[in-house]
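Lettering of chains follows the sequences in order, A, B, ..., and the numbering in each one begins at 1.
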Amino acid sequence: MRCMVFVKATEDSEAGVMPSEKDLSEMGAFNEELVAAGVMLDGNGLHPSVKGVRVRYDDGAAQVIDGPFAETKELVAGFWVWEVGSMEEAIEWARRIPFNHGESVEIRPVFEPEDFGEEYTPELQERGAAMEAKIREQHG
Amino acid sequence: MLGQPMPSESNATDRTIEAVWRIDSAKLVATLSRQVGDVGLAEDMAQDALVVALEQWPEQGIPDSPTAWLLTTARNRGIDRIRRDRTLREKYGEIAVELGRAEPEPGPERAVFDEDRIGDDVLTLLFTACHPALTVDSQVALTLKAVGGLSTPEIARAFLVSDATIAQRVVRAKRTLSESGVGFAPPGDDELSERLRAVLGVIYLIFNEGYAATSGESWMRTDLSAEALRLGRVLVGLAPEEPEAHGLVALMEIQASRFPARTDGEGRVVLLMDQDRARWDRLLIRLGLERLELAEALGPAGPYLLQARIAACHARAARPEDTDWHEIVAGYDALLELGPNPVTELNRAVAVGMAGDPAAALATVDDLGSDRRMSGYHLLPSVRGELLAKLGRFDEAAGEFERAAEMTGNDRERQVLEAKAAEMKEISS
């Protein structure tokens, strides 16, 4: 199964404090371990929310709101995409992340087609496919 | 990765043990193998530790450093084992003494595994599990057990054989390794490429067993393919300079990207050209294409890299009609330059047919028909049927599809072929 691991923002990450060399080398070693275990598919850090925007959709109008955003703990500062055998394995990997200054992560399994069960009827699947084909046509 | 069906009916501790095992068992077995010089004994020691963990952790709680605990326990159990058994004592007596005063107890403050060695140890373990002294079946079983950390029943389920069969293969593999004095050492430079080929072969075999199950009702056993992908990624992590290792992982990633599209809502097979490409896994395609590029830059193209190149032609085509068939034909030409192979010839013929020359393709397929190695290979009549259909010879095509349907061992594939035969008959009547 695939899961996405969100690294939650902290006051430091929101303030744009860059990780120390020690932090970077520890995280580098951890990422190498993830790669060598065949677990890490993707991952990166994100700029603080001051560089981000939100787009909110209401009554057919899209409203763009510039960062920074207030609720630091709800923000995301980085992510991984992991391929693991189970949620327990993801948790076990997460235990090994070299964080120790009050950081937190949130692990969320990625939907797979069968998760939708019977609600995801062949007709809906077809419609989703047609939509994606169109998107591809538009964007190459 | 335990003996019981997992994970629904097991409790949280068992699932944690399973997770720790999956993450660290290869390192455990590899470290122990280096210390005792025998993969079989090392694997037994690691299994002993797992059994103790399953007994003790649910009651006593999970230790602070589960991996260190497993390593220490395995070592102590190993010493006990050697002291108890006379044959072992004679053979490993000194090792037991060594083990007894082995490296200081690992603790949370220091790394459990020797960081400078663990990569090489795991790589050596993989090479040893795929040692040429073993039969392919034993290589597969031992690789999944000792490197993949799968349990005997899990491997048995995946290959649709009995637990006893797999257990026997593992035991035989361990015995062969021990008796032929293979020990635990990385391959020398002179045999490296051959040994690497064996490892790649085993991983790809596991992948294919999951990708196109040769028997039984299920078209895919994707768990097995996922395991092969994991092993492949472990391999490239340990041997990052090997173009063929990257080539194999790229090939598997691109092929695995199609898993979600390979069956329809009813579980029926959907062939490549008919697949809904929107359902292809784009992350895997991206990873596969990036890795292919890396492999191309690393060195000369071997068979896996070339197959990945061909697979990439499909992955890049947003619609079936965008497929660059000439590039695919060129890929097969390059593969055939490495060595003749009737299956590659057949695939090339398919590509030639798709590139707009079904008559030339049919001539190749007819030549292949006289190759004895191809008798009983259901894809030969299946491809012949496709080409005849392209040439408007629907009646003959129907006959070929029927023949292919009789020959395949896969129930789902048979249904597809039978449907094609029926379609051909309808057109021709």
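- Proximity to chain A (any heavy atom under 4.5 Å) is shown, for B/Asp322, by neither the backbone nor the side chain.
- A 6.0 Å sphere centred on CD of B/Glu115 holds no more than 12 heavy atoms belonging to other residues, nucleotides or ligands.
- Within the 4.5 angstrom heavy-atom criterion, no atom of A/Val39 approaches chain B.
- Contact count versus chain A (heavy atoms, under 4.5 Å) is highest, among B/Ile23, B/Leu283, B/Asp281, B/Val122, for B/Ile23.
- Counting non-hydrogen atoms of other residues, nucleotides and ligands closer than 6.0 Å to CD of B/Glu321 gives a total above 12.
- Shown here are the ring-ring contact (aromatic ring centres under 6.0 Å, His included) partners of B/Tyr204, two or more places apart in sequence or in another chain: B/Tyr304.
- Evaluation of the salt bridge (Lys or Arg N to Asp or Glu O under 4.0 Å) rule for A/Arg54 yields A/Glu71 as partners, not counting sequence neighbours.
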Determine whether B/Thr13 and A/Glu88 satisfy the following criterion, side chain to side chain contact (heavy atoms under 4.5 Å, CB included), listing intermediate values before the conclusion. CA-CA 10 Å; B/Thr13 309; A/Glu88 284 74 19; over 6 Å; no
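- Each of A/Arg95, A/Glu89, A/Glu33 has some count of heavy-atom pairs under 4.5 Å with chain B, and the biggest count is that of A/Glu89.
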For side chain to side chain contact (heavy atoms under 4.5 Å, CB included), just list the numbers for B/Arg233 and A/Leu41, CA-CA rounded to whole Å, side-chain angles, deciding distance to a tenth of an Å, and then say yes or no. CA-CA 10 Å; B/Arg233 290 184 181 131; A/Leu41 300 185; 3.5 Å; yes
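- In plain terms, the two heavy atoms of A/Val84 and B/Arg22 that are nearest each other are C-NH2, 4.3 Å.
- Residue-environment remark: CD (A/Glu106) exceeds the threshold of 12 foreign heavy atoms within 6.0 Å.
- Ranked by heavy-atom pairs shorter than 4.5 Å toward chain B, the options A/Glu32, A/Met40, A/Glu83, A/Arg96 are led by A/Arg96.
- Counting heavy atoms from C-beta on, the side chains of B/Arg15 and A/Ile91 never come closer than 4.5 Å.
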